[in-house]
Amino acid sequence: MGGYFSSLDAATGRVADEIECDLHDPERAVQSVIDYPGLDKFQWKVWWVAASGFFTTSYSIFAVNVISPALSYVYPECTHWWSTNSLVINLTTLTGTMIGMLIFGHLADRYGRKAVYGLELSIVVVATVGMTTASSGHLNSMNVYGWIGFWRAMLGIGLGAEYPLSTIIAAEWSSTKSRGRMIAAVFLMQSLGQFAAYAFGLAILRGISIRLGLSPDETDYDVASPVIDVVWRTIIGIGAVPALISLFLRRIIPETPHYLVEKGELVNAVAAVGRVLPLDAALQPTNHSYPMAQSSSKRPISNLRTRQKSRWESIVDYMRELKEHLAEKGRWRALLGVMATWWLLDLAYYGLGLDNPKLISTIWLSDAPPQSNVSTSLGELACNNVPWRADPARPNITIYEMLQQDSIRNIMTISSGALPGSIVILFAVDYLPRTTWMGWMFVALAALFAINGGTFSVNFETDKHALTMTLYVLAQFVFNLGPNIMTFMLPAELFATKYRGTFYGVAAASGKLGVITILLLTNLVVYTGDYSHKFAALLLGFCPAMLLGAFITWVWIPEVQYPRGRDDTFEGGDDVSEARVELEISTFRQKLKLRNRPLADIAQNPGDGQILGMRRNIARLFRPARSHNTDRIRRRHAEGTRGDSMDQQDVMYYDHEQVVEMEEADIGDGLGMRHIHCR
């Protein structure tokens with residue numbers, strides 16, 4: 001490996017010490033090459049490929065909000081009090097999503113990111129086309145909702161797979177310095193996809209209605225239903241377009257060097273990083289270039305022995321390795337931490353933002369709703385209910401007006417907060433300690449829910465309903481400014497390459513389990529009868545859930561950045577010259593930045609220099625902080641070796657004669673909540 005990097009320096013005309021790499025650690029070495037140019041054209045290409053797939057995921061999930069009234073209008077079906085067609089569609093989609101996250105996350109670790117990257121989008125394309133062709137058959141010989149549920153479950157598998165694959169590929173192909181921005185830019189596609197679902201739904205409704213001659217005031221079912229049928233199929237079908245584009249682009253992305261190094265394929269890893277720093281063909285390494293590659297040639301023998309084992313023995317061995325890995329250095333805390341916080345977050349986030357036409361219409365009420373005196377749907381005549389007519393203030397609304405109103409109100413109350421929050425965090429992510437920031441944003445959400453829940457009953461059906469809507473929008477902003485993005489980012493950074501996909505899939509699936517939980521709760525308990533007081537209680541219930549999320553973040557999830565002001569060696573910039581970097585390095589803006597820890601460092605010592613554990617963190621609250629010898633303690637902490645393998649379980653008891661010193665928590669310090677110094 002050392003010979004290769006010497007050739008690399010000669011090929012690029014750079015000095016060897018400008019590339020910070022540990023020649024005894026191949027993963028650090030390939031990361032150094034990726035870090036060298038910063039955000040180059042190839043890494044932007046990786047972002048585009050990952051972002052387009054995640055845009056498709058978000059669009060397809062939130063498009064259900066747009067089409068659910070159209071489906072219940074075109075295909076009326078008597079439903080039980082506990083079940084609606086939109087609920088069944090969402091549950092099948094979310095169940096498939098959880099399966100996709102778990103299976104594809106593990107497959108990415110076992111067979112490689114590239115081996116399955118693109119397969120999930122093939123499933124998305126097929127399932128999307130299949131849903132657009134769902135039908136009730138001749139004279140209702142088939143159940144259209146059965147077909148829709150089947151295709152949505154298949155679609156969910158593809159959408160769920162996109163979470164771990166897009167995020168870990170973006171993380172492993174980005175430079176250490178730009179990793180936060182790269183993942184945040186991928187996450188921005190969730191808000192954009194959500195906005196696109198509402199905006200495209202509105203545009204498609206208007207465009208098709210004008211072309212096919214549907215008036216907004218049309219109440220005749222025989223006239224309106226064929227047009228609305230075309231509308232919902234088009235809204236769903238258009239989601240396959242970005243998936244198809246991304247599917248073709250994904251074939252140009254090679255396997256990530258981190259994964260290749262983990263598998264011992266060092267020659268292929270070097271060839272992959274050559275996409276970032278192009279090398280002369282004569283300088284490409286061979287197995288004889290360095291001893292590490294030769295040792296990797298012995299792997300097929302061990303692989304053959306592994307294949308000779310039974311499937312059950314392989315599973316048992318893998319589970320034992322997994323258990324040992326999590327037990328070492330308390331890594332189980334980080335996994336349970338991201339699982340629990342993602343579950344708690346999605347309880348509140350999707351409780352306000354999924355399957356919500358009735359909820360959005362309710363918070364817009366300024367007076368008590370009138371009674372309906374017009375029938376405009378077969379469903380109303382056959383079942384004495386009209387689930388598509390979700391606005392209690394307009395009981396005589398037409399299906400066109402209902403779909404149009406839903407899209408406009410969703411943009412005003414959801415996207416107006418979520419999209420700005422995602423944009424702000426994209427520019428601020430390098431200046432904020434991720435874990436600490438997530439904890440404080442959980443606290444901010446708890447305060448918002450306490451205020452909103454406490455005032456909802458007073459503002460409900462009054463001219464003060466604007467306060468509820470304002471707090472609703474502000475909650476969406478804080479969601480995407482804090483916990484929503486951080487739960488998306490942290491699982492891709494906290495875990496080792498060998499288990500990154502598996503653990504990310506488990507964490508993401510925990511979030512979707514939270515979505516299923518809140519959907520069942522709201523549909524079975526909250527949205528029944530007069531639900532104004534029940535909804536207020538739900539908002540108040542989110543308050544302790546957010547506080548619990550903040551507490552778990554504090555005690556279990558380590559930081560992935562160095563503390564502010566850390567004097568470390570120079571790290572390559574992003575598309576800037578060396579002179580410009582040297583000029584800016586001492587500016588106030590540069591000093592505010594928090595440097596990311598390399599993925600290899602986080603994997604080896606996830607909580608290095610931090611206090612993790614519920615008992616220890618609670619105990620520190622009642623222990624007076626020590627301030628003497630602070631400078632000497634800081635110096636000794638900064639001089640600690642990168643490869644320190646001290647177990648987190650023993651860090652507080654290193655020596656009976658030592659005194660553990662802890663600093664006060666500081667939101668401006670990436671490790672302020674967990675610093676531990678020994679003397």
Side-chain angles (χ1 to χ4, degrees), residues 53-68 70-72 74-75 77 79-80 82-108 116 118-137 142-166 190 193-194 197 232-233 235-240 242-244 246-247 343 346 350 353-355 387 505-506 508-524:
F54 201 69
F55 175 88
T56 299
T57 299
S58 178
Y59 178 91
S60 298
I61 290 176
F62 289 99
V64 175
N65 282 2
V66 180
I67 70 166
S68 57
L71 284 173
S72 61
V74 176
Y75 299 104
E77 189 172 272
T79 57
H80 301 286
W82 53 267
S83 174
T84 63
N85 293 321
S86 61
L87 174 61
V88 173
I89 293 171
N90 276 317
L91 289 179
T92 54
T93 304
L94 291 167
T95 301
T97 301
M98 291 180 61
I99 295 173
M101 290 170 170
L102 294 172
I103 292 179
F104 277 82
H106 176 66
L107 291 179
V116 294
L119 176 59
E120 83 286 3
L121 285 182
S122 301
I123 297 175
V124 168
V125 172
V126 172
T128 300
V129 174
M131 184 175 175
T132 61
T133 61
S135 171
S136 58
M142 298 186 296
N143 188 316
V144 66
Y145 289 107
W147 280 109
I148 291 176
F150 169 78
W151 289 118
R152 288 296 292 189
M154 293 295 295
L155 179 67
I157 293 176
L159 300 179
E162 191 66 28
Y163 274 78
L165 290 175
S166 290
Q190 183 181 77
Q194 187 179 28
W232 80 259
R233 294 178 191 275
I235 292 172
I236 290 296
I238 202 172
L244 276 172
S246 183
L247 182 60
W343 186 84
D346 280 2
Y350 285 95
L354 187 64
D355 193 23
V506 170
S510 300
K512 290 301 171 278
L513 182 61
V515 184
I516 293 175
T517 304
I518 197 63
L519 278 181
L520 292 174
L521 178 63
T522 54
N523 281 273
L524 301 183

Residues Thr517, Trp343; criterion side chain to side chain contact (heavy atoms under 4.5 Å, CB included); working and verdict: CA-CA 9 Å; Thr517 304; Trp343 186 84; 3.8 Å; yes

Separation of Ser135 OG from Ile148 CD1 (nearest 0.5 Å): 9.5 Å

Met131 and Ile67, any side-chain heavy atoms less than 4.5 Å apart: yes

Leu119 and Phe104: CA distance, side-chain angles, deciding distance, side chain to side chain contact (heavy atoms under 4.5 Å, CB included) verdict: CA-CA 10 Å; Leu119 176 59; Phe104 277 82; 3.9 Å; yes

Check: Thr132 main-chain N/O paired with Arg233 side-chain donor or acceptor under 3.5 Å: yes

Contact summary for Ser136 and Val144, nearest pair of heavy atoms: N-CB, 3.9 Å

Contact summary for Ala108 and Leu165, nearest pair of heavy atoms: CB-CD2, 3.6 Å

Side-chain heavy-atom pair Thr97, Ile157 within 4.5 angstrom cut-off: no

Min side-chain heavy-atom separation Tyr59-Phe54 under 4.5 Å: no

Heavy-atom check, side chain of Ile518 versus side chain of Thr522, under 4.5 Å: yes

Nearest heavy-atom neighbours spanning Gly505 and Leu102: O-CD2, 3.9 Å

Closest contact, heavy atoms only, Ser246 versus Gly53: OG-N, 3.7 Å

Considering all heavy atoms, the nearest Gly158-Ile123 contact: N-CG2, 4.0 Å

Tyr145 vs Leu71 side-chain heavy atoms within contact, under 4.5 Å: yes

Shortest non-hydrogen separation from Ile236 to Thr128 and the atoms involved: O-CG2, 3.2 Å

From Ile61 atom CD1 to Gln194 atom CD, the distance as rounded to the nearest 0.5 Å: 10.0 Å

From CD1 (Ile89) to OG (Ser72), nearest 0.5 Å: 9.0 Å

Side chain to side chain contact (heavy atoms under 4.5 Å, CB included) assessment of Arg152 paired with Val64: CA-CA 10 Å; Arg152 288 296 292 189; Val64 175; 2.9 Å; yes

Parallel, tilted or perpendicular: rings of Tyr350 and Phe62 (30°, 60°): parallel

Plane angle bin for Trp147 and Trp151 - parallel if under 30°, tilted between 30 and 60°, otherwise perpendicular: parallel

Side-chain heavy-atom pair Glu162, Leu121 within 4.5 angstrom cut-off: yes

Inter-residue atom distance Glu120.CD - Ile103.CD1, 0.5 Å rounding: 13.5 Å

Partner residues of Ile516 under the side-chain contact (heavy atoms from CB on, under 4.5 Å) criterion, sequence neighbours left out: Leu91, Leu94, Thr95, Met98, Leu520

Close side-chain approach of Tyr163 and Lys512, heavy atoms under 4.5 Å: yes

